[in-house]
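These numbers come from the heavy atoms of this one structure, side chains and all, not from hydrogens, waters or symmetry mates.
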Amino acid sequence: MVMQKSAVIPTTMCYALPETELVDLLAHQLTSLFLFDRKTHGRTLADAVHQALIRTTYCFCHINDKYYTRDGEVWFDPYHSGQYTIFLYYVSHSLWKDFQNPRVASMVFMLNKTLGAVDLFYDVVLPDIFYLDHVMGTTMGRATYGNYFIFSQNCTVGNNRGFYPVFGDHVTLHARAMVVGQCRIGSHVVIAADAYVKDQDIPDNTLVFGTTPNLTLVQKDEPYMRENHGHKWRTNPQPPPLP
């Protein structure tokens with residue numbers, strides 16, 4: 001089922017658990033797996049959860065997916081694995097960037113990796129708006145990512161000789177896609193399942209198949225890409241800045 005796109009992007013989100021219970025859940029998980037001292041780090045964790053919920057709200061309000069809404073409202077459920085993966089990434093990133101606590105950031109990163117089998121390291125800067133689906137076995141490296149980024153299972157973004165890719169907006173990586181090295185990937189690009197792009201630029205509005213250096217590039221126009229590959233987003237304008 002595809003949700004009807006909304007002309008207006010919502011700005012609020014409902015929670016399956018209150019924020020205080022969400023903090024308790026995360027603290028219990030960290031205590032069960034690691035040497036997490038809530039007396040020492042509990043306040044920082046709660047503050048990072050609050051910051052992460054702001055980012056999660058902004059991200060989820062742009063996603064057009066039936067599992068991200070309930071009764072017409074944007075919905076966050078920590079027992080939905082994909083949603084919780086995004087949230088935990090935001091928590092770990094906030095702990096590292098906003099609260100300079102790499103120790104607890106590492107714990108949340110490893111929790112995310114343990115629960116979802118996905119490698120989203122806390123100092124990787126993922127965009128404000130992204131979507132993931134069944135991402136077991138995926139690693140997102142220190143690339144530059146544009147908004148409306150989508151990735152799936154067993155995808156890899158990484159470096160070659162110290163160079164990382166740069167992605168435009170509206171890029172989708174299907175299952176087992178790999179993008180490594182000095183690549184500049186344009187906007188409105190879809191990288192097909194099993195495609196491998198290495199040290200190669202991809203222009204805007206392109207479907208990508210195959211393996212470098214023998215890639216097959218199918219050029220389309222932007223209206224085609226929006227119509228056929230933009231269904232995961234409520235609307236497709238350039239987003240306003242994160243509050």
Side-chain angles (χ1 to χ4, degrees), residues 1 3 6 8-118 120-122 124-136 147 232-235 239-243:
M1 181 180 115
M3 286 174 49
S6 171
V8 178
I9 297 176
T11 58
T12 59
M13 182 175 71
C14 298
Y15 308 155
L17 292 179
E19 185 172 333
T20 53
E21 292 185 21
L22 189 58
V23 173
D24 288 341
L25 171 66
L26 181 50
H28 179 74
Q29 291 170 330
L30 294 175
T31 302
S32 298
L33 291 174
F34 310 109
L35 296 176
F36 176 73
D37 184 348
R38 192 164 184 179
K39 290 182 179 179
T40 302
H41 299 293
R43 181 69 262 168
T44 300
L45 181 67
D47 290 343
V49 165
H50 184 75
Q51 288 295 105
L53 285 173
I54 293 172
R55 296 184 69 183
T56 302
T57 299
Y58 184 76
C59 180
F60 286 12
C61 281
H62 290 80
I63 293 174
N64 184 54
D65 186 296
K66 64 181 181 179
Y67 297 109
Y68 286 67
T69 60
R70 180 170 293 187
D71 299 325
E73 301 291 336
V74 177
W75 180 255
F76 168 45
D77 185 350
Y79 301 119
H80 179 285
S81 61
Q83 294 180 17
Y84 202 48
T85 295
I86 295 173
F87 167 74
L88 288 178
Y89 161 74
Y90 284 142
V91 174
S92 66
H93 185 75
S94 181
L95 283 163
W96 170 72
K97 181 180 178 183
D98 299 324
F99 300 100
Q100 293 79 53
N101 195 326
R103 180 178 179 82
V104 181
S106 293
M107 294 181 188
V108 177
F109 158 69
M110 288 189 289
L111 173 66
N112 208 8
K113 195 172 183 180
T114 300
L115 294 176
V118 58
L120 305 178
F121 195 56
Y122 58 77
V124 170
V125 183
L126 290 174
D128 294 325
I129 303 169
F130 73 97
Y131 175 84
L132 49 79
D133 194 25
H134 306 297
V135 291
M136 295 77 70
N147 276 311
K232 283 300 182 184
W233 310 117
R234 288 179 177 270
T235 54
L242 180 70

Leu115 versus Gln29, closest heavy-atom pair with distance = CD1-NE2, 4.3 Å
So do Trp233 and Ile129 actually touch side chain to side chain, heavy atoms under 4.5 Å?
-> yes
Heavy atoms, side chains only, cut-off 4.5 Å: are Leu111 and Leu26 in contact?
-> yes
Shortest non-hydrogen contact from Asp128 to Tyr90?
-> O-OH, 3.2 Å
Look at the rings of Tyr68 and Phe60 and say which category their plane angle falls in: under 30° parallel, 30 to 60° tilted, over 60° perpendicular.
-> perpendicular
Donor-acceptor under 3.5 Å (Tyr131 side chain, Asn64 main chain) = no
Aromatic plane relationship, His80 with Tyr67 - under 30° parallel, 30 to 60° tilted, over 60° perpendicular = tilted
With a 4.5 Å limit on heavy-atom distance, are the side chains of Pro10 and Arg234 in contact?
-> yes
In terms of heavy-atom contacts, Val108 and Leu95 come closest through CG2-CD1, 3.7 Å
If you round to the nearest 0.5 Å, how far is CZ of Phe121 from OG of Ser92?
-> 8.5 Å
Over all atoms of both residues, closest heavy-atom pair of Gln83 and Trp75 | OE1-O, 3.6 Å
Are Asn112 and Val91 side-chain neighbours, meaning at least one heavy-atom pair lies under 4.5 Å?
-> no
Going by the angle between their ring planes, with limits at 30° and 60°, are Phe87 and Phe76 parallel, tilted or perpendicular?
-> tilted
Where the side chain of His62 meets the backbone of Tyr58, is there a donor-acceptor pair that is under 3.5 Å apart?
-> yes
Which pair of non-hydrogen atoms, one from Leu132 and one from Ile86, has the smallest distance, and what is that distance?
-> CD2-CG1, 3.7 Å
Do Val135 and Leu120 have side chains that get closer than 4.5 Å, going by heavy atoms?
-> no
Measure from the side-chain N and O atoms of Asp77 to the backbone N and O of Ala16, and report whether any donor-acceptor pair falls under 3.5 Å.
-> no
Thr56 meets the side chain to side chain donor-acceptor pair (under 3.5 Å) criterion, sequence neighbours left out, with none
About how many Å separate CG of Asp98 and NE2 of His50, when rounded to the nearest 0.5 Å?
-> 11.5 Å
Side-chain touch Arg38/Val23, heavy atoms, less than 4.5 angstrom = yes
Considering only heavy atoms from C-beta outward, does the side chain of His41 approach that of Met107 to under 4.5 Å?
-> no
Should Phe130 and Asn147 count as side-chain neighbours, where that means a heavy-atom distance under 4.5 Å?
-> no
Note: Leu53 and Met13 closest approach over all heavy atoms is O-CE, 4.2 Å
